[in-house]
Amino acid sequence: MQRKLGYRPALLWNPAVYEYLREAYGPDHFSRICDALTRPSTYCCVRVNAMQTSTAAVIAELKEFLSSKEAEGTTCYEHPLLKNVVIVPGRGPCDVSYDDEVQKIVMVSRKCAEAVLRGAEVFVPGVLACSEHVDEGDSVAVFARIEVKDSAGKWSNGVTRGTTIPLSDWESCSPYDWFIGKGRAMMSRPTLFRERQGIAVKMTDRIYNLPAFHGILEGRVFLQNLPSIVTAIVLDPQPGERILDMCAAPGGKTTAIASLMNNTGEVIALDRTHNKVLEILSLAKELGLSCIQAFKLDALKSVQVDSDAQSSLALTQPLEKGLTCNYACVFFANISHFGRAEIQCFMATLGDPPQTEVPPTSQYTSKARERKESRRLKNGRGRGQHLGGRVDMIKRFPPNSFDRVLLDAPCSALGLRPRLFAAEETLESLGRHAIYQRRLFDRAVELVKAGGTLVYSTCTINPGENEALVRYALDKYKFLVLVDQVPKIGGPGLVGGTSVYDGRGYREWLKEGEQYLVQRFDPSSPVDTIGFFIAKFQVPATKSANVSGNC
């Protein structure tokens, strides 16, 4: 007997965030967005490295590859508006038939499931539980375990790794377990929970069938979301210019910018994490781009201050040595020639104190260390667990150093797809993202030259991090001009505001007419991309140093 299992997830939100976004978009529109976020885009977007090959050659090779994989009905074609961009369609959602006589189950974490929906296999660190007597080669149904609140009010998947799911007990899969496909076990159950790496399940029937390009056309193509490619084109980099990518990892937009410049000029890429800088350099080398320089530097500390400011900066050294922020505030408050607004603005420019790595205290491997290593394998390298090698560090840059600046700001990432869980974000956390983005934007304005261009982008659907940032920028920096973008593939922005407090104020968004100057990529639109936002600002030839009092 055959049964068909569909994919019918329901995205879980923090109640206050849900009401905030529901008011921002309207109930029907936000319902469509929620549905779109739980599934991946039904195509892959490939950026051709024109320095190494041509679009026609890539299309020919991709068609041959897809044919060899017997990807029925799959083809590829050049994007109608974007040069050197190839679209490879996929299929989904698909109903997957499953043999009722063999009901073995593998349960995976939510993050693992999101990767599987994008075309990955099930790797060992992502497996939480499985049926008893799973042997290598067995056919298994793969379910995703979504977080629920535990008794302490914290979000958890509630499953102890290694748990046994009773054979044929399909009812043990709760409403928070979503079926994502069928596969073949590559390990027996004992091996699966003993090993730390490797493929646990090779997927054979997927809810979404998206082509995988691992190891194909290396150095000649780069798999990238469509809005990210558009962002680099909107920046309009020109050969010979000096361009800054403030938050550059993993380097997709950085390399796109360098390619558009024909590998001439200078592209400076910043990230505050050692491993991510190495990733940028590795990608640049793979794509044969020599005009990219990547540095380890916190973008909040990227602006060089003059001698007077340096003297003031010296006053903050006690804070860096471990004294509390309250002490520093009292210290500044007693300086009579500093006004309150000046103190607040200056404090906003300070970055986080440097982190020091604590050496291990024991030569023996404890159970706690084993669990930490297991989490590292599951979630990726964390702070201090770097790949080795050296990265260049740079102090700061003088103001007005760059012809163009791209600020692809760290954000709540509520536009990424597929997303199977969103309840970790609160109104307060969204507000913290917005404050951080404004501080980064302030640095970007200082670094761009008079007559230059500044592009701001995020991968979130939160208007408090998108349209509200544009409102902040135009209100504070009267000389900035919001300008139209080419190409224009996304839709208009949001006009007005919201009565729901978004965490840190700035509830006003765009004014009438401004919505057509930005690009908002709606995940529920026919363009079928991740949620994304792009704003482009032009700095006049006579850049003013004066800003409004809103700091």
Side-chain angles (χ1 to χ4, degrees), residues 9 11-14 16-18 20-21 24-25 30 33-41 45 109-118 120 144 146-147 155 223-231 245-253 271-273 275-276 279 299 378-382 406-441 455-469 490 493-494 502-504 519-525 528-535:
L11 191 58
L12 188 64
W13 295 85
N14 174 283
V17 172
Y18 178 83
Y20 160 59
L21 294 175
Y25 287 97
F30 186 56
I33 289 175
C34 291
D35 179 63
L37 287 175
T38 60
R39 48 187 172 82
S41 302
C45 190
S109 68
R110 184 254 308 176
K111 288 185 179 181
C112 175
E114 290 171 347
V116 170
L117 289 170
R118 291 192 299 268
I146 309 302
E147 289 90 336
W155 291 105
L223 198 63
Q224 193 170 15
N225 287 307
L226 182 64
S228 297
I229 298 174
V230 172
T231 302
D245 189 350
M246 290 184 69
C247 304
K253 298 181 187 68
D271 199 276
R272 61 181 182 180
T273 306
N275 286 346
K276 292 182 178 180
E279 289 174 5
K378 180 179 178 180
N379 299 325
R381 296 178 182 86
L406 171 61
L407 173 55
D408 184 51
C411 65
S412 58
L414 291 178
L416 293 185
R417 302 170 57 187
R419 173 176 286 277
L420 304 184
F421 180 75
E424 72 272 20
E425 289 290 352
T426 65
L427 290 181
E428 290 72 23
S429 68
L430 293 182
R432 288 193 294 271
H433 289 304
I435 290 294
Y436 185 56
Q437 290 151 3
R438 292 166 199 170
R439 293 173 65 193
L440 286 170
F441 191 87
V455 170
Y456 172 84
S457 64
T458 71
C459 57
T460 183
I461 61 170
N462 173 26
E465 301 173 69
N466 296 334
E467 285 87 353
L469 184 283
L494 299 180
D502 67 1
R504 289 294 189 277
Q519 289 197 73
R520 169 178 280 279
F521 288 83
D522 187 329
S524 65
S525 75
D528 192 23
T529 67
I530 62 173
F532 207 87
F533 180 85
I534 309 172

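In this text the structure is predicted, and so the values were computed from the model without any measurement. Residue numbers start at 1 and run along the sequence shown.
- When side chains are defined from C-beta on, Ser228 counts as touching Lys253, because their heavy atoms get closer than 4.5 Å.
- Using a 4.5 Å cut-off on side-chain heavy atoms (C-beta onward), Cys459 and Phe521 make no contact.
- Contact record, Arg118 with Pro418: CG-CD, 3.4 Å, taken as the closest heavy-atom pair.
- Side-chain N or O atoms of Arg417 include one that pairs as donor or acceptor with a backbone N or O of Ala36 at under 3.5 Å.
- At a threshold of 4.5 Å between non-hydrogen side-chain atoms, the residues Pro463 and Tyr20 count as touching.
- Minimum heavy-atom separation, Leu440 to Cys247: CD1-SG, 4.2 Å.
- Across all their heavy atoms, Ala468 and Arg438 have their closest contact at CB-NH2, 4.4 Å.
- Using a 4.5 Å cut-off on side-chain heavy atoms (C-beta onward), Phe532 and Asn225 make no contact.
- Under the 4.5 Å side-chain criterion, counting only non-hydrogen atoms from C-beta, Thr38 is not in contact with Cys34.
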Inset, instruction - Quick one: do Leu21 and Trp13 satisfy side-chain contact (heavy atoms from CB on, under 4.5 Å)? Show the steps, please. - result: CA-CA 10 Å; Leu21 294 175; Trp13 295 85; 3.6 Å; yes
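- Residues Ser524 and Asp35 are not in side-chain contact: their nearest non-hydrogen atoms beyond the backbone lie 4.5 Å or more apart.
- One N or O on the side chain of Asn466 and one on the backbone of Thr460 form a donor-acceptor pair closer than 3.5 Å.
- With hydrogens and angles left out, the side-chain atoms of Ser412 and Glu465 include a donor and acceptor closer than 3.5 Å.
- For the pair Ile534 and Val230, the minimum side-chain heavy-atom distance is below 4.5 Å.
- Take Glu425 and apply the salt bridge (charged side-chain N to carboxylate O under 4.0 Å, His left out) test, not counting sequence neighbours, and it matches no residue.
- Summarising the geometry of Glu114 relative to Arg419, their closest heavy-atom pair is OE2-CA, 3.6 Å, with the distance given to 0.1 Å.
- Between Tyr25 and Phe30, the two ring planes are parallel [angle under 30°; tilted spans 30° to 60°].
- For Pro410 against Gln437, the heavy-atom pair with the smallest separation is O-NE2, 3.0 Å.
- Looking at Leu11, Leu12, Leu420 one by one, the single match for side chain to side chain contact (heavy atoms under 4.5 Å, CB included) with Ile146 turns out to be Leu420.
- Shown are Leu414, Thr529, Ile461, Ile530; of these, the side chain to side chain contact (heavy atoms under 4.5 Å, CB included) with Pro523 is made only by Ile461.
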